[in-house]
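First comes the structure, then the notes that go with it.
So you know, we letter chains A, B, ... as the sequences are listed, proteins then strands, and number each from 1.
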2 protein chains.
Amino acid sequence: MEYLVKESESGNYLNEHGIKPSYQRIRIWNYLINTKEHPSVDMIYRSLAPDIPTLSRSTVYNSLSLFVERGIAQSILIDESETRYDADVSLHGHFHCRICGRVYDFALDSSSLKFRLPQGFTADSTQVCCQGICSGCADKKSSASPSAAR
Amino acid sequence: MEYLVKESESGNYLNEHGIKPSYQRIRIWNYLINTKEHPSVDMIYRSLAPDIPTLSRSTVYNSLSLFVERGIAQSILIDESETRYDADVSLHGHFHCRICGRVYDFALDSSSLKFRLPQGFTADSTQVCCQGICSGCADKKSSASPSAAR
DNA sequence: GTATCTGCAAAACATTTGCAATTCT
DNA sequence: AGAATTGCAAATGTTTTGCAGATAC
């Protein structure tokens, strides 16, 4: 994988958020920011384990929980079977493709959400999740059986 | 619990959606539509089991999966630990209270969601989930320690 | 009587926890 | 040395699966 962010920068970033930048945490953090796949604990573990043979899943769980706690990542509710994570904590929507399973981001500014919570309710986080079929999978479907009305 | 919907009506409703209305399915369905608590499998099981001693969790899982498959219920992604279900499949938002754990509905018409998916993406379902503190818990907090700035 | 549905037990996963070994300063 | 972090193994909790018995038509 091509790294877009240097490890030293990640170390500083973690430090700034009160997280001691251990080797494992830096690697996990870098994986999270350099991928757009909104990975699960297991995806991260399986990607890094060949390279860090002693890595354990607990460490991945611990690190991600810490990132969420310090507000530099969010856990996203999109997959019923396992929790997935996102280093982008700004307001944006998620689209989960029912065919390929990929999770895509889409723009979502506060003016596009015009609902009102009941009186006295205060929200600290809002997630918008769509389920459907992504453009890539829609293309494959139509080219595989151009005339079939599936 | 006070039943708001008759069992015979539920049986017809299930039938209309291609679900054979067994005794267990009717009871599970009635529980789901007569409660506003967005229950989990376990909440349903524990509520019905005293009354239907032979009921098993598998049956609750099976029935709910069937309801979702036939489009008369939806599983809602709000709780990280267990899946919760809702018999209201119309567009509406969910609010999950971090303190009491209750899930509330709130109105959400299509005009209040003004975002655009990427080109070629089609969504068949959209969920809006907020996390925060409900009015009841906010009241308790402020009355318990009126001057404390927690 | 046959097909479907149910219930139990076991299996399969995801996640958490306790603790000992390791690492960092 | 002392504090924090890591890794393993066991525990926990949710969900799925296989199958035998029960039920419905």
Rounded to 10 degrees, the angle between the two terminal axes of the helix from C/dG1-D/dC25 to C/dT25-D/dA1, each from five pairs: 20°
Under 4.0 Å protein heavy-atom contacts per nucleotide of nucleotides 18-25 of chain D, with B for base, S for backbone only and - for none: --------
Path from A/Leu108 to B/Leu108 over hydrophobic side-chain contacts below 4.5 Å: yes
Donor-acceptor contact below 3.5 Å, side chain A/Arg84 vs main chain A/Glu37: yes
Protein-nucleotide distance (B/Asp42, atom CG; D/dT12, atom C1'), rounded to Å: 13 Å
Trace of the side-chain hydrogen bond (donor to acceptor under 3.5 Å, both in side chains) decision for A/Tyr31 with A/Arg27: CA-CA 6 Å; A/Tyr31 185 86; A/Arg27 293 297 302 272; over 6 Å; no
Touch class at under 4.0 angstrom, heavy-atom based, for A/Ser40 against every strand present: nothing
Check: B/Val60 main-chain N/O paired with B/Gln24 side-chain donor or acceptor under 3.5 Å: no
Atom-pair distance (OH on A/Tyr45; P on D/dT6), nearest Å: 15 Å
Neighbour count >12 (heavy atoms, 6.0 Å) for atom CZ, A/Arg102: no
Heavy-atom pair of closest approach, residues B/Ile133 and B/Cys97: CA-SG, 4.1 Å
Gap between atoms OH and P, on A/Tyr61 and D/dA9 respectively (whole Å): 17 Å
Selected nucleotide, minimal atom distance to A/Thr59 side chain, candidates D/dG7, C/dT15, C/dT6: D/dG7
Nearest-Å distance for atom pair CD1/C1', residues B/Ile44 and D/dT14: 14 Å
Exam field: side chain A/His96 to backbone A/His94, donor-acceptor pair closer than 3.5 Å: no
Whole-Å distance separating the CZ atom of A/Arg25 from the P atom of D/dA4: 11 Å
Whether B/Arg25 side chain and B/Lys20 backbone form a donor-acceptor pair below 3.5 Å: yes
Interface with DNA chain C, restricted to residues 82-89 of chain A and to heavy atoms under 4.0 Å: A/Glu82, A/Thr83
Main-chain N/O of B/Val103 paired with B/His38 side-chain donor or acceptor, under 3.5 Å: yes
Between C1' of D/dT6 and CD1 of A/Ile19, the distance in whole Å: 16 Å
Under 3.5 Å donor-acceptor, B/Arg70 side chain and B/Gly18 backbone: yes
Spacing of A/Arg57 atom CZ relative to D/dA9 atom C1', expressed in whole Å: 13 Å
Parallel, tilted or perpendicular: rings of B/Tyr13 and B/His17 (30°, 60°): tilted
Point-to-point distance, once rounded to the nearest 0.5 Å, from OH of A/Tyr61 to OG1 of A/Thr83: 7.5 Å
Between P of C/dT4 and CG of B/Asn15, the distance in whole Å: 15 Å
Listed nucleotide nearest any side-chain atom of B/Asn62, set D/dT5, C/dT6, D/dG7: C/dT6
Distance below 4.0 Å between A/Gln24 side-chain N/O and C/dT23 OP1 or OP2: no
